[in-house]
Amino acid sequence: QVQLVESGGGLVQAGGSLRLSCAASGRTFSNYGMGWFRRAPGKEREFVAAISWSGGSTYYVEFVKGRFTISRDNVKNMVYLQMNSLKPQDTAVYYCAADALPHYFRGNAATRSTDFGFWGQGTQVTVSS
């Protein structure tokens, strides 16, 4: 059973930074793409960033490009989301997600919510103005 545990959320002022971490266990981590999603109050869950199994490719939603960086450590089975220049509209619960398919079965990069078969419990990020 795949388990994903996020940490690193909190309260930060606008313009500040946070680093989210996600610890993965339960299968060969390095075979799978990983992603970060978020759900703001009253809104649908939305894609934020994704990273390929090797870390060689990354994908971002437009409104975080240049501010957020996704990375992974395949030795430690960790994925990270470095968030800089945070804005109040970044306030949300952030979820770590793991691709349902290994990279050798995944034709395109996993970026859609339906591509991800496993989810963490979420970590709250609150950005004050």
Side-chain angles (χ1 to χ4, degrees):
Q1 182 67 22
V2 175
Q3 287 191 321
L4 303 172
V5 180
E6 302 98 333
S7 60
L11 174 63
V12 64
Q13 288 189 329
S17 299
L18 282 174
R19 188 196 196 203
L20 304 184
S21 299
C22 174
S25 62
R27 62 181 184 182
T28 305
F29 178 74
S30 59
N31 281 344
Y32 296 84
M34 299 291 294
W36 287 95
F37 288 74
R38 71 186 188 188
R39 188 194 301 271
K43 294 188 177 181
E44 296 291 317
R45 185 173 59 193
E46 61 183 358
F47 170 77
V48 175
I51 187 166
S52 63
W53 61 279
S54 65
S57 298
T58 55
Y59 311 87
Y60 299 93
V61 69
E62 190 63 34
F63 52 76
V64 306
K65 285 182 180 178
R67 300 190 298 125
F68 291 10
T69 302
I70 188 171
S71 61
R72 66 188 295 160
D73 185 330
N74 283 349
V75 174
K76 296 181 179 179
N77 288 2
M78 298 288 295
V79 63
Y80 307 98
L81 186 67
Q82 177 67 44
M83 305 186 295
N84 299 329
S85 302
L86 282 162
K87 305 175 181 181
Q89 53 263 49
D90 293 318
T91 294
V93 178
Y94 284 72
Y95 298 91
C96 175
D99 194 343
L101 297 177
H103 67 90
Y104 38 86
F105 289 149
R106 171 65 66 194
N108 299 314
T111 59
R112 300 170 301 178
S113 179
T114 52
D115 292 333
F116 295 88
F118 304 95
W119 298 82
Q121 82 288 351
T123 186
Q124 176 70 47
V125 172
T126 303
V127 184
S128 63
S129 57

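Since the structure is predicted, the reported quantities are computational estimates derived from the model, not experimental observations.
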Can you see which heavy atom on [X] is nearest to which on [Y], and at what distance?
| X | Y | result |
| --- | --- | --- |
| Lys87 | Val127 | O-CB, 3.3 Å |
| Trp36 | Glu6 | CZ3-CG, 3.8 Å |
| Ser30 | Arg72 | CA-NH2, 4.0 Å |
| Thr111 | Ala50 | CG2-CB, 4.3 Å |

Open item on the list: For Glu46, run the salt bridge (charged side-chain N to carboxylate O under 4.0 Å, His left out) check against Arg112, Arg39, Arg38 and tell me which one passes.
Closed with: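 The residue from Arg112, Arg39, Arg38 that satisfies salt bridge (charged side-chain N to carboxylate O under 4.0 Å, His left out) with Glu46 turns out to be Arg38.
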Do the side chains of [X] and [Y] join up, straight or via other hydrophobic residues, at under 4.5 Å, putting them in one cluster?
| X | Y | value |
| --- | --- | --- |
| Ile51 | Leu101 | no |
| Phe116 | Phe118 | yes |
| Met83 | Val93 | yes |

Are the side chains of [Y] and [X] in contact, using a 4.5 Å heavy-atom criterion?
| X | Y | value |
| --- | --- | --- |
| Asn74 | Trp53 | no |
| Asp73 | Tyr80 | yes |
| Arg45 | Trp119 | yes |

Open item on the list: Using the rule ring pair (Phe, Tyr, Trp, His ring centres under 6.0 Å), only one of Phe37, Tyr94, Tyr95 pairs with Phe47; which is it?
Closed with: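 Result: among Phe37, Tyr94, Tyr95, Phe37 is the only option passing the ring pair (Phe, Tyr, Trp, His ring centres under 6.0 Å) with Phe47.
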- [ ] To the nearest 0.5 Å, tell me how far Gln3 CD sits from Cys96 SG.
- [x]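 Rounded to the nearest 0.5 Å, the CD-SG separation comes to 12.0 Å.
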TODO: Go through the structure and list residues passing side-chain hydrogen bond (donor to acceptor under 3.5 Å, both in side chains) with Arg106, not counting sequence neighbours.
DONE: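 Partners of Arg106 by the side-chain hydrogen bond (donor to acceptor under 3.5 Å, both in side chains) criterion, ordered by chain and then number, come out as Asp99, Asp115.
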Under 3.5 Å, side-chain donor or acceptor atoms of residues 58-71 against the rest of the protein: list the pairs with distances, not counting sequence neighbours.
residue	atom	partner	partner atom	Å
Tyr60	OH	Ile70	N	2.9
Glu62	OE1	Lys65	NZ	3.3
Arg67	NH1	Ser85	O	3.0
Arg67	NH1	Asp90	OD2	2.7
Arg67	NH2	Phe63	O	2.9
Arg67	NH2	Asp90	OD1	3.0
Arg67	NH2	Asp90	OD2	3.4

Cut-off 3.5 Å, no hydrogens considered: what does the side-chain donor-acceptor table look like for residues 10-23, sequence neighbours left out?
residue	atom	partner	partner atom	Å
Ser17	OG	Asn84	OD1	2.9

